[in-house]
Protein chains: 2
Amino acid sequence: MKMERSPASEALTIGELAALFGLATHVIRHWEAVGLVTPAARVNGRRRYHPEHITRIAMIVQGKEAGFGLAELREILDAPDLVTRRALVERHHAALERRIAEAQAAKVMVEHILDCPIADFTHCREFQRIVQRIAVPVPLLAPADAPYQSRLEPGNDEL
Amino acid sequence: MKMERSPASEALTIGELAALFGLATHVIRHWEAVGLVTPAARVNGRRRYHPEHITRIAMIVQGKEAGFGLAELREILDAPDLVTRRALVERHHAALERRIAEAQAAKVMVEHILDCPIADFTHCREFQRIVQRIAVPVPLLAPADAPYQSRLEPGNDEL
DNA sequence: CTACAAGTTGACGTTAACATGAAGTCAAGA
DNA sequence: TCTTGACTTCATGTTAACGTCAACTTGTAG
């Protein structure tokens, strides 16, 4: 066995850091490339990470699992001051609540499919009632200036 | 004004269907290309949609908002029989609950950032406690056969 | 009849977030 | 010293889900 432990007492190599989260090293390098993480120093060109990087990576992993993009996470994590961060986080907090609500709405739909006795559930009146609240969102309001709005993939309009 | 209503009584053009959901027509064509939707018929080459397509599109929109991919949605919607569909939907139901749980965990994290009085919240002990439960997930268990598992983007392992 | 809006296909471009491969450097055990 | 494994940079490939563009046909208002 070779390279069992990091040389310096409390410094991690990229491989060790990645192993902590079951990530590939190239993923961490990618995150570095987009400005999400930065190694504390280089030893012979090799990246060295400190314990605070573990927290950082944990936050990124968590954030990603919640559906945030790398750019969004960078914004939050690199906010220069309390005020800025609070504003950003509040925005994202709202987005999170929306996401949860949406997932729960989908869960209701899915649960009805599980319970619906009708063979082709698309003919189930109750199911259609659940689902049709989604339709007709912008049909009459479209002022003909905005060609289309995608609606999916929140984008920037609501964040 | 031109082309106010569809010719046949209860048939929609692709433009009308798209407008119902604020989608672009090319999105619906794309969904058709990947087998998610199929027009009822063609009238001189033009796609015609029936009311059941509205339900279908609504389900797709809903499913997408919950984070499902087009391929997953196709699986559910095209399940040949009740049993198959139930199995698929139960799988996705579990995935949904996981997703909700993850989003709520992220919300806890984000809410702590909002409440934490410490300037650099990454130094907050309580925050680190919340976040570090995420770390060290596979470090000692990795059997060295699986190079890495991505962990992010559920993929297929858990579905 | 003419314009024009809406529809058609097909090809190619975009964005996010990696994945993969090549070619070379470095550190340590046998 | 030789080998091996972890690391380096740089470049290119991949997947999902569209977006964009061009060149053409169709249907209806005026």
Side-chain angles (χ1 to χ4, degrees), chain A residues 1-8 11-19 21-37 39 41-49 60-61 63-65 67-75 142 144 146-156, chain B residues 1-8 11-19 21-37 39 41-49 60-61 63-65 67-74 144 146-156:
Chain A
M1 299 171 183
K2 304 170 183 181
M3 297 194 83
E4 272 295 288
R5 285 265 149 215
S6 319
L12 301 164
T13 70
I14 194 172
E16 291 163 342
L17 181 61
F21 295 92
L23 296 170
T25 57
H26 70 251
V27 172
I28 294 180
R29 281 192 214 99
H30 173 65
W31 290 355
E32 180 181 339
V34 297
L36 256 179
V37 278
R42 298 284 184 119
V43 178
N44 284 323
R46 276 64 188 304
R47 294 166 175 83
R48 282 302 149 86
Y49 299 93
I60 297 169
V61 170
K64 270 191 61 62
E65 280 177 349
F68 292 113
L70 300 189
E72 294 175 290
L73 290 168
R74 188 180 45 204
E75 271 194 320
Y148 45 79
Q149 273 294 338
S150 223
R151 290 194 70 250
L152 318 174
E153 296 300 321
N156 296 320
Chain B
M1 298 173 185
K2 303 167 184 181
M3 296 194 83
E4 273 296 288
R5 285 268 148 212
S6 316
L12 300 164
T13 69
I14 193 171
E16 291 163 342
L17 181 60
F21 295 91
L23 297 169
T25 56
H26 70 249
V27 172
I28 293 179
R29 283 192 213 100
H30 173 64
W31 290 354
E32 180 181 339
V34 297
L36 255 179
V37 278
R42 299 281 185 123
V43 178
N44 284 322
R46 275 66 188 303
R47 295 166 175 81
R48 282 301 148 87
Y49 299 91
I60 295 169
V61 169
K64 270 190 61 63
E65 280 176 351
F68 293 112
L70 301 188
E72 294 175 289
L73 289 169
R74 188 181 45 203
Y148 45 78
Q149 272 295 339
S150 223
R151 290 195 70 249
L152 318 174
E153 294 301 322
N156 295 321

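Residue numbering restarts at 1 for every chain, and letters A, B, ... go by the order of the sequence lines.
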Could you state the atom-to-atom distance from [atom1] of [X] to [atom2] of [N] in whole Å?
| X | N | atom1 | atom2 | value |
| --- | --- | --- | --- | --- |
| Glu32(A) | dC18(C) | CD | P | 14 Å |
| Ile28(A) | dA19(C) | CD1 | P | 12 Å |
| Ile60(A) | dA16(C) | CD1 | C1' | 15 Å |
| Glu72(A) | dA17(C) | CD | P | 8 Å |
| Phe68(A) | dC18(C) | CZ | P | 15 Å |
| Leu36(A) | dC18(C) | CG | C1' | 13 Å |
| Glu16(B) | dG7(C) | CD | C1' | 12 Å |
| Arg48(B) | dG7(C) | CZ | C1' | 10 Å |

Is there a side-chain polar atom (N or O) of [X] under 4.0 Å from OP1 or OP2 of [N]?
| X | N | value |
| --- | --- | --- |
| Lys64(A) | dA16(C) | no |
| Arg29(B) | dA6(C) | no |
| Arg42(B) | dT9(C) | yes |
| Arg46(B) | dG27(D) | no |
| Thr25(A) | dC7(D) | no |
| His26(A) | dC18(C) | no |

Could you tell me whether Arg42(A) and Glu32(A) make a salt bridge, using a distance below 4.0 angstrom between a side-chain N and a carboxylate O?
yes

Mind checking whether [X] and [Y] have side chains closer than 4.5 Å, heavy atoms only?
| X | Y | value |
| --- | --- | --- |
| His30(B) | Leu70(B) | yes |
| His26(B) | Trp31(B) | no |
| Phe21(A) | Ile28(A) | no |

Given [options], which nucleotide is nearest the side-chain atoms of [X]?
| X | options | value |
| --- | --- | --- |
| Ile14(A) | dA17(C), dT8(D), dA19(C) | dT8(D) |
| Leu70(B) | dC7(D), dA17(D), dA19(C) | dA17(D) |
| His30(B) | dT8(C), dG19(D), dC18(D) | dC18(D) |

Qualifying residue, where the test is side chain to side chain contact (heavy atoms under 4.5 Å, CB included) with Thr13(A) and the options are Arg47(A), Arg46(A), Arg48(A)
Arg48(A)

Given DNA chain D, 5'-ward residue of the pair Val43(B) and Ala71(B), judged by closest heavy atom:
Ala71(B)

